[in-house]
Amino acid sequence: MHAPHPSMPPSRGPPSLGGMPTPSDVLAERFASALGAAFGEEYAGVDPVIRPSQFADFQANAALALAKRLGAKPREVAERLLEHLDVADVCLEPEVSGPGFVNLTLRPEWVADQVRALAADERLGVPVEEPRVVPVDYSAPNVAKEMHVGHLRTTVVGDALARTLEHLGHHVVRQNHIGDWGTPFGMLIEHLLAVGEDSEEARLLVERPNDFYQAARAQFEGSPEFADRARQRVVDLQAGDPDTRRLWQELIGLSTAYFNRIYSALDVTLTDDDLAGESSYNDALEGICEELEAKGIATVSEGALCVFLDGHTGREGRPVPLIVRKSDGGYGYATTDLATIRHRVEDLHADTILYVVGAPQHLHLQMVFETARKAGWLPPGVEVVHVQIGNVLGTDGKILRTRSGAPIRLSSLLEEAVDRASAVLADARPELDEAARARIAEDVGIGAVKYADLSVSHDSEYTFDFDRMLALTGNTGPYLQYAAARIRSMFRKGGLSPADATGQVRLGEEPERALGLALLGFGGVVAQVGRSYEPHRLCAYLFDLAQAFTTFYEQCPVLRAEDEAVRESRLALSAATLAVLQRGLGLLGITAPEQM
RNA sequence: GCCCCCGUAGCUCAGCUGGAUAGAGCUUCGGACUUCUAAUCCGGUGGUCGCAGGUUCGAGUCCUGCCGGGGGCGCCA
């Protein structure tokens with residue numbers, strides 16, 4: 001009936017194969033028992049509304065919601081609840097506060113034990129969920145075109161989701177739906193032939209694809225004879241002419257080399273095995289149309305085969321069509337998108353399909369999804385989600401362009417990022433040799449760029465700011481990397497290994513307690529990202545954790561702790577923090593360098 | 001004209017799906033490096049959450065209307 005609530009205990013959340021419960025899970029379970037005991041079994045199922053609190057570690061807000069239903073005052077409900085609440089092992093004495101909140105402060109010993117359990121857990125508290133097959137469609141650059149900052153977002157967000165879902169136990173199938181088909185290919189093939197396959201100009205496809213594309217375009221527009229040949233090429237390509245096909249493959253090979261260069265620089269997990277370009281669905285398109293027509297879902301309108309869906313009207317109230325076959329007999333991307341759904345459901349056996357695709361395509365995708373449902377290609381049990389990527393805007397509020405009118409090149413953005421990191425590093429760590437600095441600068445520069453895109457919610461548009469994207473201080477990737485590097489440095493200095501720091505945890509001072517509590521939130525956040533498809537929540541969590549660590553680091557001496565037991569405890573806390581930071585950054589696709 | 005998204009501090013963005021006194025980073029001002037890495041930390045300044053109604057114990061969050069910005073709306077993808 002209701003969608004699962006993120007803060008519900010595991011028993012009511014998505015299927016999970018075990019794992020450490022988070023503190024709020026534990027409290028929710030205890031409150032469920034208390035609710036049942038106090039007010040009858042039918043109340044054991046209501047959400048106890050456990051939330052983080054500014055007045056305690058957590059607060060339970062159930063009493064306020066239940067007061068009306070029970071016909072009692074909220075504070076009285078809370079008091080009765082407390083009479084049946086058994087949390088003595090977990091919390092200090094719960095307190096009713098304000099209009100009827102129950103404030104809960106965790107016992108430091110309990111938190112300490114949980115931290116130790118988390119540190120000993122391979123998965124650091126992240127649950128293993130019941131495996132689902134999840135194709136994730138992301139990146140999708142175009143052959144013979146430069147990737148721009150828009151592609152960066154879908155690539156980076158999609159990759160983080162793929163890594164996170166995989167880590168939660170799901171079978172992720174990466175799908176890079178590259179634009180490798182369409183009328184421009186006649187022009188591109190002719191141009192490739194004209195400049196020579198092994199020429200410098202052809203190499204532009206790997207280094208500066210837009211230059212190649214624009215040269216081809218100039219030919220096309222400047223020479224009617226070239227344009228004619230290009231049009232004939234399109235026909236040959238579609239007819240499967242072997243020579244044309246070979247040239248087309250060559251073009252794709254060069255572009256793939258370009259994509260891989262970018263993916264490698266970005267440390268994105270996409271490989272050639274994940275390529276599932278538009279062209280791979282060509283053979284299915286005719287069948288898609290025939291089936292839609294046979295089922296009476298598609299009808300011919302103005303010469304084109306269209307699907308009209310209820311509730312979709314455009315200008316002047318005219319129905320909006322999803323055109324599956326153009327009036328000239330050709331197919332558009334709607335047909336291809338329908339074919340991808342059928343493939344992902346029938347061949348890949350998808351349970352959930354993610355489309356990490358730009359927000360402007362929302363209407364189109366909704367129509368495709370609805371059509372697929374009507375055609376029976378998308379059974380009710382299969383969930384399909386458009387993870388909308390908001391536009392990147394320029395300072396004028398319009399979709400980003402540089403002064404010249406050309407989109408900002410992704411490769412130059414990445415180079416600038418590494419250069420800036422390099423400059424800071426040369427200044428701060430002159431004692432490191434150049435090769436080491438170069439490696440670190442890459443991790444830091446790329447980490448900054450990726451974190452900038454991951455830390456804002458994926459569906460909101462944002463204004464592109466070069467300096468914001470490349471910033472190395474504040475709420476940035478490098479801040480998290482720096483915290484991890486300081487921990488590693490500390491262990492190096494002490495001649496110790498984080499793996500050996502498994503001592504008893506004691507949380508005496510406030511910064512220690514805050515850090516311990518922060519560590520326990522990891523599993524819940526990762527699971528939430530897996531459910532909501534919002535990597536920025538993991539970013540926010542890791543930033544909070546790194547802040548908690550840095551405060552601890554400034555105020556609590558570790559190696560120089562006066563007391564041996566305190567030292568052991570702080571080492572264990574530091575090691576656990578490092579493990580979580582590293583794992584969390586890993587799920588985001590960001591590398592934490594050994595030192596920086 | 002219809003539909004979707006957005007409007008929170010000077011700037012860029014969060015806000016855990018309705019909880020108490022709305023947060024962070026950047027900027028700015030003032031402090032902290034002979035002490036585990038100052039890419040850091042501590043403190044201050046800064047908000048009528050676009051506007052107006054509504055729902056209820058309680059609204060930045062949900063509903064309606066208006067204002068402002070972005071996007072989509074038949075043969076490009």
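Letters A, B, ... are given to chains in the order of the sequence lines, protein chains preceding strands, and every chain is numbered from 1.
Between G60(B) and U8(B), the distance separating the two C1' atoms is 7 Å to the nearest Å. For the C1' atoms, the distance from U61(B) to A22(B) is 11 Å, rounded to whole Å. A distance of about 12 Å separates the P atoms of A24(B) and U45(B), rounded to the whole Å. As rounded to the nearest Å, G46(B) and G30(B) have C1' atoms that lie 16 Å from one another. Comparing the same atom, C1', in A52(B) and in A59(B) gives a spacing of 15 Å after rounding to whole Å. Spacing of P atoms, C33(B) relative to U17(B), comes out at 43 Å, to the nearest Å. When the P atom is compared between C3(B) and U64(B), the two are found 11 Å apart, to the nearest whole Å. For the C1' atom pair drawn from G47(B) and A14(B), the interatomic distance equals 15 Å after rounding to whole Å.
Side-chain N/O atoms of Y479(A) include one lying less than 4.0 angstrom from OP1 or OP2 on C41(B). Within the 4.0 Å cut-off from OP1 or OP2 of G74(B), not a single side-chain nitrogen or oxygen of K326(A) is found. Using a 4.0 Å cut-off, no side-chain N or O of S457(A) falls inside it from OP1 or OP2 of C13(B). An OP1 or OP2 oxygen of A14(B) is reached within less than 4.0 angstrom by no side-chain nitrogen or oxygen of R537(A). Close to C42(B), at under 4.0 Å from its OP1 or OP2, lies a side-chain N or O of T551(A). In this model, the phosphate group of C73(B) is not approached by any side-chain N or O of H362(A) to a distance below 4.0 Å at OP1 or OP2. At least one side-chain nitrogen or oxygen of S460(A) sits closer than 4.0 Å to the OP1 or OP2 atom of A14(B). At the phosphate of C36(B), neither OP1 nor OP2 sits under 4.0 Å from any side-chain N or O atom of R567(A).
Between Y281(A) and H343(A), the ring planes are perpendicular. Angles over 60° get that label, and only those under 30° would be called parallel.
Across all strands, G474(A) comes closer than 4.0 Å only to sugar-phosphate atoms, never to a base (heavy-atom distances). Among the protein residues, R318(A) comes within range of the nucleic acid bases, having at least one heavy atom under 4.0 Å from a base atom. Among the protein residues, P52(A) comes within range of the nucleic acid bases, having at least one heavy atom under 4.0 Å from a base atom. Within the 4.0 angstrom heavy-atom criterion, base atoms lie near A304(A). Within the nucleic acid shown, F543(A) comes within 4.0 Å of sugar-phosphate atoms alone, with no base atom in reach, counting heavy atoms only. Note on C556(A): a base of the nucleic acid sits closer than 4.0 angstrom, heavy atoms only. E278(A) comes within 4.0 angstrom of the backbone, heavy atoms only, and of no base. At a threshold of 4.0 angstrom between heavy atoms, the contacts of P99(A) with the nucleic acid are absent. Residue-level contact check: D465(A) touches neither bases nor backbone, having no heavy atom under 4.0 Å from any strand. Across all strands, V444(A) comes closer than 4.0 Å to base atoms (heavy-atom distances). Nucleic acid contact for G179(A): none, since no nucleic acid atom lies under 4.0 Å from a heavy atom of the residue. Here V456(A) lies in heavy-atom contact (under 4.0 Å) with sugar-phosphate atoms only. At a threshold of 4.0 angstrom between heavy atoms, the contacts of Y553(A) include nucleobase atoms, whether or not backbone atoms are also involved. Using a 4.0 Å heavy-atom cutoff across all strands shown, P321(A) reaches at least one base atom of the nucleic acid.
Against the 90° criterion about 0, the sugar-base torsion of C13(B) places it in the anti range. The glycosidic torsion of U17(B) lies within 90° of 0, which places this base in the syn conformation.
Going from atom CD of Q547(A) over to atom P of A14(B) covers 17 Å, rounded to whole Å. With rounding to whole Å, Q59(A) atom CD is found 11 Å from U21(B) atom P. Rounded to whole angstrom, the span from the NE2 atom of H536(A) across to the C1' atom of A24(B) amounts to 13 Å. The distance between atom CZ of F308(A) and atom P of C75(B), rounded to the nearest whole Å, is 12 Å. Spacing between atom CD of Q366(A) and atom P of C73(B) amounts to 15 Å, rounded to whole angstrom units. Rounded to whole angstrom, the span from the CZ atom of F552(A) across to the P atom of C36(B) amounts to 15 Å. One interatomic measurement links the two molecules: CD of E554(A) to P of C36(B), which rounds to 11 Å at whole-angstrom precision. The distance between atom CG of L64(A) and atom P of U56(B), rounded to the nearest whole Å, is 16 Å.
Under the Watson-Crick and G-U wobble criteria, each requiring two contacts below 3.5 Å, nucleotide C73(B) is paired to G1(B). With a 3.5 Å ceiling on both atom-pair distances, the Watson-Crick or G-U wobble partner of G30(B) is C42(B). As the counterpart of U64(B), A52(B) is assigned, both hydrogen-bonding distances of the Watson-Crick or G-U wobble pattern falling under 3.5 Å.
Between the side chain of T473(A) and the base of G25(B), no donor-acceptor pair under 3.5 Å is found. Donor-acceptor pairing under 3.5 Å, judged by distance alone, is absent between the side chain of R468(A) and the base of G25(B). With hydrogens and angles left out, the side chain of N103(A) and the base of A20(B) share a donor-acceptor pair within 3.5 Å. With hydrogens and angles ignored, a donor-acceptor pair closer than 3.5 Å exists between the side chain of R315(A) and the base of C73(B). Residue S97(A) places a side-chain atom within donor-acceptor reach of the base of A20(B), judged by atom type and a 3.5 Å distance cut-off alone. In this model, no side-chain donor or acceptor of Y482(A) finds a partner on the base of A39(B) within 3.5 Å.
With distances taken from any side-chain atom of K493(A) to the nucleotides G74(B), C36(B), G71(B), the minimum falls on C36(B). Closest to the side chain of P478(A), from the set A39(B), G74(B), A38(B), is A39(B). Checking A20(B), C75(B), G19(B) against every side-chain atom of Q54(A), the shortest atom distance belongs to A20(B).
Taking the ring centroids of Y482(A) and Y479(A), they lie at or beyond the 6.0 Å cut-off. The six-membered or imidazole ring of Y138(A) lies away from that of Y355(A), with a centre-to-centre distance of 6.0 Å or more.
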Please assess S279(A) against D180(A) for the test side chain to side chain donor-acceptor pair (under 3.5 Å), listing each intermediate value before the final yes or no. CA-CA 6 Å; S279(A) 66; D180(A) 61 357; 2.7 Å; yes

Apply the test ring-ring contact (aromatic ring centres under 6.0 Å, His included) to residues Y533(A) and H458(A): give CA-CA distance (whole Å), side-chain angles for both, the deciding distance (0.1 Å), then the verdict. CA-CA 9 Å; Y533(A) 313 117; H458(A) 61 71; 8.6 Å; no

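Look at F101(A) and the base of G19(B); the rings do not stack under the cut-offs of 5.5 Å between centres and 30° between planes.
A salt bridge links R318(A) and E302(A); the closest N-O separation between the charged side-chain nitrogens and carboxylate oxygens is under 4.0 Å. A salt bridge does not link E442(A) with R439(A): every distance from a Lys NZ or Arg NE/NH1/NH2 to an Asp or Glu carboxylate oxygen is 4.0 Å or more. Comment: R420(A) engages D467(A) in a salt bridge, judged by a side-chain N to carboxylate O separation of less than 4.0 angstrom.
Side-chain N/O atoms of D337(A) and T340(A) include no donor and acceptor closer than 3.5 Å.
Annotation: cation-pi geometry satisfied between R468(A) and Y462(A) (NZ/CZ under 6.0 angstrom from ring centroid, within 45° of ring axis).
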